[in-house]
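Reminder, nothing fancy here: chain letters follow the sequence lines and each chain counts from 1.
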Amino acid sequence: MAENQSSSQPSSQQSSQSSTQTHFGFKQVDEDQKESLVAEVFHSVAAKYDVMNDVMSLGIHRIWKRYTIDCSGARKGHHVLDLAGGTGDLTAKFSRIVGSEGSVTLSDINPSMLEVGKDKLRDMGLVDNIKYVEANAETLPFPDNAFDIVTMAFGLRNVTHKENALASIFRVLKPGGRLLVLEFSKPTSTVLEKIYDTYSFHLLPKMGKLVADDEDSYRYLAESIRMHPDQDTLEKMMQDAGFEGTSYTNLTGGIVALHRGFKY
Amino acid sequence: MPLKQLLSGLAEFSANEVLQLDSEYQTYLQPLSGKSLALTLLPIEQTIQLHFTDSRIDILLPNNLAGDVGSDIDSEIECDVDSDCHLTIQLSALSQLRDTNQLTTLIKQDKLDIKGDLSVAQHLSALVNGLDLDLTEILTHKIGDVPAHSIMGTASAVVNYAKYVKQHFDITLGEALIEEKQLVASPLSLANFSDEVTDTRYWCDRLAARLAILEKKQLAGDK
């Protein structure tokens, strides 16, 4: 359920610690080391990523992504950047919506994920208006004001310096463009949170072992979710990056939240 | 979970599965390829957007931010609908949309409003009406003649039985409400009541006329 972006984040809890250390799940590692560690996780899960997403979320991730697209306001001729787009679930839909006059750029830092996405989209017959770019969200290799919409689904929590990524996204968005961040968040109910914790830390790694033969990667995914900022903190970070009209919607009791912000 | 998105996902899946059942569906989709159609249903004010390619239909609920658990979205959300054709129609008239001959009548009755390229709506109507879905033939290709015939025969019998049960239930329920519980008036009682009301009104009118005459006479006598 975690589309790939580079290294894990320095969360607010960690800012008081050494500037060269950051989180990798619940562990502390050097910032330099993180990128390769996260890359290993996603190299490891890439082949069975879609299957695992369906198994882990009982298919609900499709509804969350559909909601994101509904809120995107995408239309014919738009240029969309699907950041940390992984295996291209959002890209496929955007590609059909924007048509031949528009374009969708599927970007991911992990070449394995990008390759899986490329194969999948080509198998679906989507070739005309999709570009594939291997890029780090913190330093996007696109000109200023290039995109009408930027989406980032299940990717931001893996970024080492989220504020850099948000600033970079702000730069590449056109005035009037919007950012949509779909990401795991904090459940709004304590009962749900306990059930969710039990599921994430006990069941999820075992499912990872069973389906993808990779327990550690899925344990990291569960840990990285807990280290991600909550809804209000992320909204504040978006505002600090310059986004206006920011808002968020809790989905499935806050397990996931869709944040939205505009560049004016 | 966003329920509307779940429903639109199911609708999209079903629509594309149904399309695949007709081997010539691409002939009908071709004129719609690259087009989009928005359908706003009144009075619920729900907009559904259809995007067509030459092989499938995508269904979106544009900028639909209401109705989710824990929503903290601002209420002032602009409407993100930009389609080649936008139909606004009363929910009750939706079934009549299949017949393009009805369009003018629906517009005159203020049940339908069309903006944009009318040909998109016409091509969609042609797609819906043109699909040739012979379920027996489709099943025959998948499971063979005899099982397909048996399944369809059984399905037909089940449907007929369901219709019979429903009809029987309607009659029983009607009799229970009218005769036993006396919660609803029978058609005969209603007719009698109407006749009595008509008679009463007739006699009231006659009485009023007679009073008017007597009043007139009284006034004439006083003078």
Side-chain angles (χ1 to χ4, degrees), chain A residues 57-78 92-102 124-126 128-129 148-149 176 178 180 185-189 192 231-232 235 244-260 262, chain B residues 1-13 15-16 19-20 26 29 32-38 46-86 116-117 120:
Chain A
S57 71
L58 306 173
I60 299 172
H61 74 102
R62 293 171 188 272
I63 312 280
W64 295 330
K65 286 173 181 169
R66 179 174 279 275
Y67 186 80
T68 306
I69 290 166
D70 284 347
C71 294
S72 70
R75 59 188 65 173
K76 212 181 288 181
H78 268 175
K93 200 87 166 172
F94 279 130
S95 164
R96 291 190 289 263
I97 294 170
V98 302
S100 54
E101 301 151 38
M124 292 166 81
L126 300 169
D128 291 339
N129 59 357
D148 299 285
I149 300 161
R178 73 180 77 178
L180 294 147
S185 208
K186 189 174 167 53
T188 49
S189 143
L192 181 63
Q231 290 90 328
D232 292 325
E235 187 180 9
E244 294 178 51
T246 57
S247 55
Y248 67 83
T249 308
N250 290 320
L251 303 172
T252 319
I255 288 176
V256 161
L258 176 67
H259 282 75
R260 195 163 79 149
F262 294 84
Chain B
M1 188 194 309
L3 186 62
K4 287 179 180 175
Q5 274 66 30
L6 174 64
L7 294 176
S8 73
L10 288 173
E12 183 182 297
F13 175 78
N16 286 300
L19 278 180
Q20 304 281 339
Q26 284 181 320
L29 263 183
L32 288 164
S33 183
K35 307 276 186 186
S36 60
L37 179 140
Q46 173 65 61
T47 299
I48 300 163
Q49 202 169 21
L50 308 176
H51 288 265
F52 303 94
T53 65
D54 53 9
S55 60
R56 61 172 285 134
I57 301 172
D58 287 291
I59 299 177
L60 303 184
L61 301 175
N63 216 346
N64 187 3
L65 295 170
D68 291 296
V69 178
S71 176
D72 289 306
I73 291 288
D74 295 338
S75 57
E76 48 171 69
I77 301 296
E78 79 283 19
C79 189
D80 276 334
V81 181
D82 180 38
S83 297
D84 295 300
C85 178
H86 193 149
D117 185 358
V120 177

Can you tell me how far the CG atom of Leu6(B) sits from the CZ atom of Arg62(A), to the nearest 0.5 Å?
12.5 Å
Could you pull out all residues at least two apart from His78(A) that satisfy ring pair (Phe, Tyr, Trp, His ring centres under 6.0 Å)?
none
Nearest heavy-atom neighbours spanning Pro2(B) and Ile63(A):
O-CG2, 3.6 Å
If you round to the nearest 0.5 Å, how far is CZ of Arg96(A) from OG of Ser55(B)?
7.5 Å
List in chain and number order the residues that pass side-chain hydrogen bond (donor to acceptor under 3.5 Å, both in side chains) with Arg56(B), two or more places apart in sequence or in another chain; answer none if no residue qualifies.
Glu12(B), Asp58(B)
Drop me the distance from Arg66(A)'s CZ to Leu61(B)'s CG, to the nearest 0.5 angstrom.
7.5 Å
Which pair of heavy atoms, one from Lys76(A) and one from Gly34(B), lies closest together, and at what distance?
NZ-O, 2.9 Å
Contacting moiety of Ser33(B), where chain A heavy atoms sit under 4.5 Å
neither
In Thr68(A), Leu251(A), Asp70(A), the residue satisfying side-chain contact (heavy atoms from CB on, under 4.5 Å) with Gln5(B) is Asp70(A)
